[in-house]
Student: 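Before we start, here is the structure in question, set down as structure tokens.
Since the structure is predicted, the reported quantities are computational estimates derived from the model, not experimental observations. Values below: all heavy atoms of this structure, side chains included; hydrogens, waters and symmetry mates excluded.
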Amino acid sequence: MVGASQNGDRRDFFVSYTASDRGWAEWIAWQLEEADYTVLLQAWDMVVGSNWQRMMNQATQFAERTVAVLSNAYLEDSPFGEAEWLVAFADDPQGLAGRLIPVRVEDCKPAGLLAGVVYADLVGRDKAEAQEVLLGAIRGAIARRIKPLAEPVFPGIAEKLTEVNTGGGLDELSFSESHPAEGAGPAPGVGRSTVDEKTDEAVIAPGKGAVSTVDGGAAGRVARSEYLSQVRQIAPQALLGRGC
């Protein structure tokens with residue numbers, strides 16, 4: 001963690017957002033500060049008597065990383081938002097230091113230079129899921145790697161699974177059934193470009209049916225039981241790895 005400098009300018013994160021997304025920006029900033037990071041947020045730091053231009057200058061100079069809150073309004077109608085994320089992008093154009101962390105909060109499609117930057121996707125997630133995705137993305141951006149805490153599923157088990165059950169025959173593998181214990185590791189990736197969508201759909205598809213085996217009888221039940229046991233250990237990785 002970078003921490004604040006003696007004059008109080010240094011921050012771990014600057015949260016860049018447009019006015020219509022203030023609620024999301026404040027929620028994100030709150031989660032970061034609860035995780036012991038320092039944050040610069042216009043809604044909280046621009047108090048009466050502050051100079052807006054000076055604060056934006058501080059944000060772009062003294063924040064280690066910029067969290068860009070992505071929405072249609074931010075991407076299409078916020079010239080200041082664009083200027084803020086471009087500073088972080090210019091400082092780390094190859095993404096080797098994780099200076100720019102886009103967080104998508106609305107169904108929108110980044111274009112241009114921003115299209116090549118992997119984002120954390122909070123769209124359609126509940127509070128607990130969104131918190132896991134956000135903090136997992138932050139940890140990954142800082143560490144530059146996200147290795148799961150649980151051992152990946154044994155490939156020999158996956159080979160026994162050949163189709164997705166779309167209705168009947170086997171119980172659904174729901175999110176509630178496979179949700180990990182608190183403190184489980186973050187996702188191996190949180191943006192579309194890091195996700196194998198076919199694998200994601202086959203491993204865990206909440207509300208879309210469960211993975212089944214072709215083996216019948218006791219053999220099928222044993223294989224499924226063993227598979228589900230392993231899936232429960234890595235379910236958060238599969239779930240958090242969904243793209244947009």
Student: Given side chains that start at C-beta, do those of W85 and L114 come closer than 4.5 Å, heavy atoms only?
Tutor: yes
Student: Could you tell me which non-hydrogen atom of A115 sits nearest to which non-hydrogen atom of P110, and how far apart they are?
Tutor: CB-O, 3.4 Å
Student: Side-chain donor-acceptor pair under 3.5 Å between E106 and S71, yes or no?
Tutor: no
Student: Are D121 and V133 close enough that some pair of their side-chain heavy atoms sits under 4.5 Å apart?
Tutor: no
Student: Are W44 and E26 close enough, and set up right, to give a side-chain contact (heavy atoms from CB on, under 4.5 Å), and what steps lead you there?
Tutor: CA-CA 8 Å; W44 296 350; E26 291 194 80; 2.6 Å; yes
Student: Could you walk me through whether F89 and L113 pass the side-chain contact (heavy atoms from CB on, under 4.5 Å) check?
Tutor: CA-CA 9 Å; F89 181 90; L113 293 174; 3.7 Å; yes
Student: How long is the span from the CG atom in L41 to the CD atom in E33, to the nearest 0.5 Å?
Tutor: 8.5 Å
Student: Could you grab the distance from atom CZ of R104 to atom OH of Y119, nearest 0.5 Å is fine?
Tutor: 4.0 Å
Student: Please name the pair of heavy atoms, one in Q61 and one in R10, separated by the smallest distance, quoted to 0.1 Å.
Tutor: O-NH1, 3.4 Å
Student: Is the number of heavy atoms from other residues, nucleotides or ligands under 6.0 Å of R144 CZ greater than 12?
Tutor: yes
Student: Check whether R65 reaches the backbone of A97 with its side chain - one donor and one acceptor, N or O, closer than 3.5 Å.
Tutor: yes
Student: Could you give the distance from CG (L75) to SG (C108), rounded to the nearest 0.5 Å?
Tutor: 5.0 Å
Student: Begin from the C-alpha positions of I28 and V39 and carry the test side-chain contact (heavy atoms from CB on, under 4.5 Å) through to its verdict.
Tutor: CA-CA 10 Å; I28 289 169; V39 178; over 6 Å; no
Student: Compare every heavy atom of R125 with every heavy atom of A130, then report the nearest pair and how far apart it is.
Tutor: N-CB, 4.0 Å
Student: Is there a path from Y37 to I101 through hydrophobic residues (I, L, V, M, F, W, Y) whose side chains come within less than 4.5 Å of each other?
Tutor: yes
Student: Without swapping roles, check the side chain of Y74 against the backbone of G81 for a donor-acceptor pair under 3.5 Å.
Tutor: yes
Student: Would you say V87 ends up clustered with Y17 if hydrophobic residues are merged whenever their side chains have heavy atoms under 4.5 Å apart, either directly or through other cluster members?
Tutor: no
Student: Which pair of heavy atoms, one from E84 and one from S16, lies closest together, and at what distance?
Tutor: OE1-OG, 2.5 Å
Student: Evaluate the criterion side-chain contact (heavy atoms from CB on, under 4.5 Å) for residue pair L70 and W24; output intermediate values, then yes/no.
Tutor: CA-CA 10 Å; L70 303 186; W24 274 111; over 6 Å; no
Student: Taking atom CH2 as the centre, does W30 end up with more than 12 heavy-atom neighbours from other residues, nucleotides or ligands that are less than 6.0 angstrom away?
Tutor: no
Student: Has the side chain of R139 got a donor or acceptor atom that lies under 3.5 Å from a matching backbone atom of A143?
Tutor: no
Student: Mind checking whether Q42 and R22 have side chains closer than 4.5 Å, heavy atoms only?
Tutor: no
Student: I need the Q131 CD to D126 CG distance, nearest 0.5 Å.
Tutor: 10.5 Å
Student: Can you tell which of D91, D92, D12 makes a salt bridge (charged side-chain N to carboxylate O under 4.0 Å, His left out) with R99?
Tutor: D91
Student: Looking at side-chain heavy atoms only, is the closest gap between V123 and V105 below 4.5 Å?
Tutor: no
Student: Is any side-chain heavy atom of V69 closer than 4.5 Å to a side-chain heavy atom of V103?
Tutor: no
Student: Find the distance between CD (Q31) and CG (L135) and round it off to the nearest 0.5 Å.
Tutor: 6.5 Å
Student: What is the minimum heavy-atom distance between G136 and I146, and which atoms define it?
Tutor: O-CD1, 3.5 Å
